[in-house]
Amino acid sequence: MHILILGGTTEARALAGLLHGEVRVTSSLAGRVANPRLPEGEVRIGGFGGVDGLVEWIGGHAVDAVIDATHPFAERISFNAARAAATAHVPLLALRRPGWVPEDGDRWVSVPSLEAAAEALDELGERVFLTTGRMGLAAFADRPERFLVRSVDAPEAPVPARAEILLDRGPFTLDGEREILARHRIDVLVTKDSGGAATAPKLTAAREAGIPVVVVRRPPVPEGVPVAATPEEAAARVLRG
């Protein structure tokens, strides 16, 4: 059996490790991060060239099933995977870590997009900790606030005019997030609902500090695609056939 994992996430690496040695596994990485953490098994880096390219790759490499373990906000890749799997007549499973849930004391503002997140800043604060990654910063380029932008790799223009760039990669610690909020006098946090534990400490730090958090809601999984919440659940489904 040959499994294609559309990866790039912590969960995708864990899934590849669970399946490696049981079945043939190829993990596909988009190549947007300069030095990605590579999973076990075979690895390919780069896009497929859209739906048709993915269909061709599935057929040409005798793929038996596809697992979409991309970032919860990789909407285009997920849509292409759903169309390609249906065209190639192979099963598709989405691996999605559960989203975050607000707790007592949280001051969350839920918005549908990065553009809406930028607009929400009007009433919330002047020093913004922007943790939405380096893609999509154009939505904040014309904002007057001061931004601390955290990303794994340096972002490309356009970026906010008053921005300091912090290059770092999770997982992050609660003490570290507390220190960032205090040192930069952050009064509003902007994040995507990517879920998971690796970047969740910032939410706890914001709650403790009474700082509002603008949370961009994640897009839905394509209709009809089954979902597994953990690498273990996804591996069990694959190995059951």
Side-chain angles (χ1 to χ4, degrees), residues 1-100 112-114 133 135-136 152 192-198 216-241:
M1 178 182 288
H2 184 194
I3 306 299
L4 173 63
I5 299 176
L6 306 178
T9 60
T10 301
E11 290 78 12
R13 289 191 297 275
L15 176 60
L18 291 170
L19 294 178
H20 182 59
E22 301 289 339
V23 296
R24 180 187 174 192
V25 180
T26 300
S27 295
S28 178
L29 310 182
R32 291 179 177 173
V33 177
N35 295 297
R37 296 170 177 167
L38 298 181
E40 296 183 70
E42 303 172 37
V43 177
R44 69 172 301 279
I45 296 178
F48 291 95
V51 174
D52 291 342
L54 180 52
V55 171
E56 183 178 352
W57 202 94
I58 290 171
H61 293 79
V63 170
D64 296 291
V66 178
I67 300 178
D68 173 14
T70 57
H71 192 276
F73 282 83
E75 188 172 10
R76 178 177 295 180
I77 298 174
S78 295
F79 177 77
N80 287 350
R83 289 187 59 191
T87 301
H89 303 291
V90 298
L92 171 66
L93 175 67
L95 172 56
R96 291 289 185 274
R97 69 187 77 145
W100 291 317
S113 67
L114 290 173
M135 310 296 290
V152 175
K192 294 177 178 178
D193 179 18
S194 53
V216 181
R217 297 190 294 270
R218 60 173 63 178
V221 173
E223 186 176 356
V225 176
V227 178
T230 66
E232 291 76 13
E233 180 185 351
R237 290 196 188 193
V238 168
L239 296 177
R240 280 202 309 263

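Numbers here are sequence positions counted from 1.
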Next item on the list: Assess whether atom CZ of Arg217 is packed by more than 12 heavy atoms of other residues, nucleotides or ligands within 6.0 Å.
Entry: yes

Notebook entry, point to check: Any donor-acceptor pair under 3.5 Å linking the side chain of Arg24 with the backbone of Thr26?
Noted result: no

Notebook entry, point to check: In Å and rounded to the nearest 0.5 Å, what is the CD to CD1 distance from Glu11 to Ile67?
Noted result: 12.5 Å

Item checked: Side chain Thr9, main chain Ala69, donor-acceptor under 3.5 Å -> yes

Checklist line | More than 12 heavy atoms of other groups within 6.0 Å of Glu232 CD | finding: yes

Margin query: If you compare all heavy atoms of Pro98 against all heavy atoms of Ala229, which two are closest, and at what distance to 0.1 Å?
Written below: CD-O, 3.8 Å

Margin query: To check you understand the geometry: which heavy-atom pair defines the closest contact between Ser78 and Asp68, and what is its length?
Written below: OG-OD2, 2.7 Å

Note to self: Given 3.5 Å as the limit, does a donor-acceptor pair link the side chain of Arg96 with the main chain of Pro72, or not?
What the structure shows: no

Next item on the list: Check whether more than 12 heavy atoms from other residues, nucleotides or ligands sit under 6.0 Å from atom CZ of Arg218, and answer yes or no.
Entry: yes

Notebook entry, point to check: Any side-chain heavy atom of Glu22 within less than 4.5 Å of one from Val238?
Noted result: no

Checklist line | Leu6 CG to Arg44 CZ distance, which is reported to the nearest 0.5 Å | finding: 9.0 Å

Notebook entry, point to check: Between Ser194 and Arg97, what is the shortest heavy-atom contact and its length?
Noted result: O-CD, 2.8 Å

Note to self: Could you tell me if the side chain of Leu15 sits less than 4.5 Å from the side chain of Ile5, heavy atoms only?
What the structure shows: yes

Next item on the list: Give the minimum heavy-atom separation between Val225 and Ala82, together with the two atoms involved.
Entry: CG2-CB, 4.2 Å

Check: What is the ring orientation for His2 with Trp57, classed by angle as parallel under 30°, tilted 30 to 60°, or perpendicular over 60°?
Finding: tilted

Check: Of all heavy-atom pairs between Pro91 and Asp64, which one has the smallest distance, and what is that distance?
Finding: CD-O, 3.2 Å

Note to self: Going by side chain to side chain contact (heavy atoms under 4.5 Å, CB included), name the residues that satisfy it together with Ala236, two or more places apart in sequence or in a different chain.
What the structure shows: Arg240

Notebook entry, point to check: What's the spacing between Leu54 CG and Ile77 CD1 if we round to 0.5 Å?
Noted result: 10.5 Å

Check: Short question: side chain of Asp193, backbone of Trp100 - any donor-acceptor pair under 3.5 Å?
Finding: yes

Margin query: Quick test of your reading: applying ring-ring contact (aromatic ring centres under 6.0 Å, His included), list the pairs with at least one residue in residues 218-241, sequence neighbours left out, ordered by first then second residue.
Written below: none

Notebook entry, point to check: Is any side-chain heavy atom of Pro231 closer than 4.5 Å to a side-chain heavy atom of Arg13?
Noted result: no

Checklist line | Residue pair Leu4 / His61, side-chain heavy-atom distance below 4.5 Å | finding: no

Next item on the list: Keeping the roles fixed (side chain from His71, backbone from Phe73), state whether a donor-acceptor pair exists under 3.5 Å.
Entry: yes

Checklist line | Minimal non-hydrogen separation, Ala88 against Val55, with atom names | finding: CB-CG1, 4.4 Å

Check: Less than 4.5 Å apart, any side-chain heavy atom of Leu95 and any of Glu233?
Finding: no

Notebook entry, point to check: Less than 4.5 Å apart, any side-chain heavy atom of Val25 and any of Ser27?
Noted result: yes

Next item on the list: Might you work through the side-chain contact (heavy atoms from CB on, under 4.5 Å) test for Leu239 and Leu18, ending with a clear yes or no?
Entry: CA-CA 10 Å; Leu239 296 177; Leu18 291 170; over 6 Å; no

Notebook entry, point to check: Looking at side-chain heavy atoms only, is the closest gap between Ile58 and Thr87 below 4.5 Å?
Noted result: no

